[in-house]
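Chain naming here is simple, since letters A, B, ... match the order of the sequence lines and numbering starts at 1 in each.
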Number of protein chains: 2
Amino acid sequence: MYYPMQEKLKEHITKLVPFSNEEFGFLLSHFEHKKYKKNDFIIKEGKDVNNCYYVISGLLKLVFNDANGKQHIVSFAMEDWWESDFFAYFNQTKAKMSLQCIEDTEVYSISLKNYNKLSLEMPKMERFFLKKSHSGHIASQNRILSFLTSNAKERYLQLLQQQPLLFQRVPKTLLAAYLGVSRETLSRLSS
Amino acid sequence: MYYPMQEKLKEHITKLVPFSNEEFGFLLSHFEHKKYKKNDFIIKEGKDVNNCYYVISGLLKLVFNDANGKQHIVSFAMEDWWESDFFAYFNQTKAKMSLQCIEDTEVYSISLKNYNKLSLEMPKMERFFLKKSHSGHIASQNRILSFLTSNAKERYLQLLQQQPLLFQRVPKTLLAAYLGVSRETLSRLSS
DNA sequence: TCGCATTTGTGATGTTTGTCACGCATTTTT
DNA sequence: AAAAATGCGTGACAAACATCACAAATGCGA
């Protein structure tokens with residue numbers, strides 16, 4: 001029997017760190033497969049964050065809601081991304097952000113307990129997590145740099161170039177909340 | 001004989017992951033101790049990035065210089081911070097940023113070769129690097145959030161609250177380059 | 001298919017921030 | 001000690017961006 005979801009994760013992981021089929025079967029047993037519908041909350045602000053998520057398919061937004069009711073999008077999590085409210089996850093505190101489905105989404109989830117267990121049992125898996133964390137950190141730094149060096153129009157053009165698919169999949173309002181400009185300004189930039 | 005610098009690193013590491021004196025001696029042998037003077041470049045844009053640095057004492061800035069000759073400060077690295085141009089370091093490419101001393105600075109440096117060697121030889125050390133990388137990633141996300149949710153004055157006040165020491169140690173011009181505002185605007189905010 | 005919510009564009013206006021210019025104090029260099 | 005560079009504040013003006021208001025278009029559920 002063929003499991004395309006498993007193959008996706010397997011390729012994703014072994015691209016960075018090689019694993020045999022047996023090893024992969026073992027590490028997979030630490031994950032749970034879950035499906036969510038559009039608009040479902042995977043993580044809700046104020047609640048516990050028990051899991052970290054690998055996106056098999058679909059699209060998520062990691063959102064911070066400020067005191068004025070405005071939403072700010074820290075990241076979009078697409079296919080092959082790992083996402084969570086990492087601070088709350090690793091420190092076992094309540095979520096300050098929400099993780100919500102923009103589209104129907106399939107994920108593998110791993111609890112912190114299993115994350116730690118797996119890291120201890122399989123040093124190669126800890127190596128994988130380390131590499132992923134490095135790229136996440138680097139990606140965040142690049143986003144910081146775009147705020148420092150670029151104005152709204154330039155950030156808009158950079159995103160259009162780097163993630164053209166996003167413009168077909170999410171409403172402009174959300175892109176504005178990601179770019180840090182108002183909806184109206186974004187609308188004027190794109191015309 | 002007493003080595004205060006070694007003690008600093010030892011405490012810094014064992015706070016997250018415990019090591020015996022023997023183990024620490026072994027891991028320390030993978031590092032080099034170096035001293036730099038104010039204004040020295042530790043990493044220079046366009047050059048190779050052979051090392052990652054732990055700051056024993058002093059103060060560094062991680063800077064990106066844009067096409068217009070403006071400098072943008074990605075981060076200040078103080079005592080107990082780890083810093084490098086991580087993209088260039090892990091991918092063995094030329095530096096896109098510079099790491100320069102704001103004050104006379106002492107560091108421990110580790111080459112990528114030794115970083116990988118150490119990670120393989122001591123799983124606990126890989127665990128330490130993983131935890132450090134997580135906190136770096138989380139810190140970057142918080143910085144992104146401050147750009148999304150706050151205007152110049154609010155970001156200025158947040159920095160003042162979170163890093164009050166910085167205001168005594170670095171010129172306002174650099175703080176402005178970190179906050180993403182012009183020197184003049186920052187000057188008006190603080191008066 | 002109808003009705004309603006969501007999405008998007010656009011004008012008018014005000015606020016925030018950047019840029020250029022200047023003066024003066026402080027620090028560094030020679 | 002003189003000269004040069006750096007740091008810092010401030011005025012005047014321009015550019016970027018937010019906000020409020022409204023209308024048209026689109027999508028989606030009953």
Side-chain angles (χ1 to χ4, degrees), chain A residues 37-40 58-59 61 63-73 76 100-104 144-160 164-191, chain B residues 36-41 59 61 63-73 76 98 100-104 144-160 164-191:
Chain A
K37 291 282 176 193
K38 180 171 175 175
N39 292 328
D40 281 358
L59 183 57
K61 58 176 182 180
V63 172
F64 176 78
N65 294 293
D66 71 15
N68 306 318
K70 272 197 212 162
Q71 71 170 331
H72 305 278
I73 296 186
F76 292 109
Q100 191 178 10
C101 299
I102 296 176
E103 304 172 354
D104 290 0
I144 290 171
L145 260 180
S146 83
F147 279 111
L148 289 174
T149 62
S150 310
N151 61 21
K153 174 131 208 175
E154 290 163 340
R155 293 202 302 279
Y156 161 77
L157 290 173
Q158 287 163 20
L159 184 64
L160 188 59
L165 300 174
L166 224 46
F167 285 74
Q168 300 152 16
R169 290 172 77 175
V170 316
K172 302 282 173 69
T173 310
L174 294 188
L175 293 180
Y178 177 85
L179 289 168
V181 291
S182 69
R183 184 189 67 76
E184 295 90 336
T185 297
L186 180 62
S187 171
R188 284 183 253 263
L189 290 177
S190 45
S191 63
Chain B
Y36 296 92
K37 291 278 176 196
K38 180 173 175 174
N39 292 328
D40 282 357
F41 283 91
L59 183 57
K61 59 176 180 180
V63 172
F64 175 79
N65 293 292
D66 71 18
N68 306 319
K70 272 196 211 164
Q71 72 170 332
H72 305 277
I73 298 187
F76 292 111
S98 295
Q100 192 178 9
C101 298
I102 296 175
E103 303 171 357
D104 290 1
I144 290 171
L145 260 181
S146 84
F147 279 110
L148 289 175
T149 62
S150 310
N151 61 21
K153 173 130 210 177
E154 290 163 341
R155 294 203 301 279
Y156 161 77
L157 290 173
Q158 286 162 22
L159 183 63
L160 189 58
L165 299 174
L166 225 45
F167 285 73
Q168 301 155 14
R169 292 171 75 175
V170 317
K172 301 284 173 68
T173 309
L174 294 188
L175 292 180
Y178 176 86
L179 288 169
V181 291
S182 69
R183 184 189 67 76
E184 294 91 335
T185 297
L186 179 63
S187 171
R188 284 183 250 265
L189 290 178
S190 44
S191 62

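- When distances run from any side-chain atom of T185(B) to the nucleotides dC8(D), dT17(C), dA18(D), the shortest one goes to dT17(C).
- Straight-line distance from the CZ atom of R188(B) to the C1' atom of dT15(C): 15 Å, rounded to whole Å.
- The side chain of K70(A) contributes an N or O atom lying less than 4.0 Å from OP1 or OP2 of dT19(D).
- Ring geometry for F167(B) versus Y156(B): interplanar angle over 60°, hence perpendicular rather than tilted (30 to 60°).
- Going from atom CG of L157(A) over to atom OG of S190(A) covers 10.0 Å, rounded to the nearest 0.5 Å.
- Rounded to whole angstrom, the span from the CG atom of L179(A) across to the P atom of dA18(D) amounts to 11 Å.
- Annotation: side chain of I102(A) is in contact with side chain of F76(A) (closest heavy-atom distance under 4.5 Å).
- In this structure, of dT17(C), dC8(D), dT7(C), it is dC8(D) that holds the atom nearest to the side chain of T173(B).
- Here dA18(D) presents its C1' atom at 12 Å from CG of L189(A), a figure rounded to the nearest Å.
- Regarding K172(A), its NZ atom lies at a distance of 19 Å from the P atom of dT6(C), rounded to whole Å.
- Using a 4.0 Å heavy-atom distance criterion, K38(A) is classed as making no nucleic acid contact.
- Contact annotation: S187(A) does not reach the phosphate of dT8(C) (side-chain N/O to OP1 or OP2, under 4.0 Å).
- To the nearest 0.5 Å, atom CD1 of residue I144(A) and atom NE2 of residue H72(B) are 13.5 Å apart.
- One can place NZ of K153(A) at 14 Å from P of dA18(D), the figure rounded to the nearest angstrom.
- The base of dC17(D) is not paired with the side chain of E184(A) by any donor and acceptor separated by under 3.5 Å.
- A donor N or O paired with an acceptor N or O is not found under 3.5 Å between the base of dG18(C) and the side-chain atoms of R183(B).
- Straight-line distance from the CG atom of N39(B) to the P atom of dT28(C): 10 Å, rounded to whole Å.
- Listed pair S182(A) / dA18(D) meets the phosphate criterion, a side-chain N or O lying under 4.0 Å from OP1 or OP2.
- Across the protein-nucleic acid pair, D104(A) atom CG and dC28(D) atom P stand 12 Å apart, rounded to whole Å.
- Taking CG of L174(A) as the reference point, atom CG of L59(A) lies at 9.0 Å (rounded to 0.5 Å).
- Atom-to-atom, CD1 of I102(B) to P of dT27(C) comes out at 18 Å; the value is rounded to the nearest Å.
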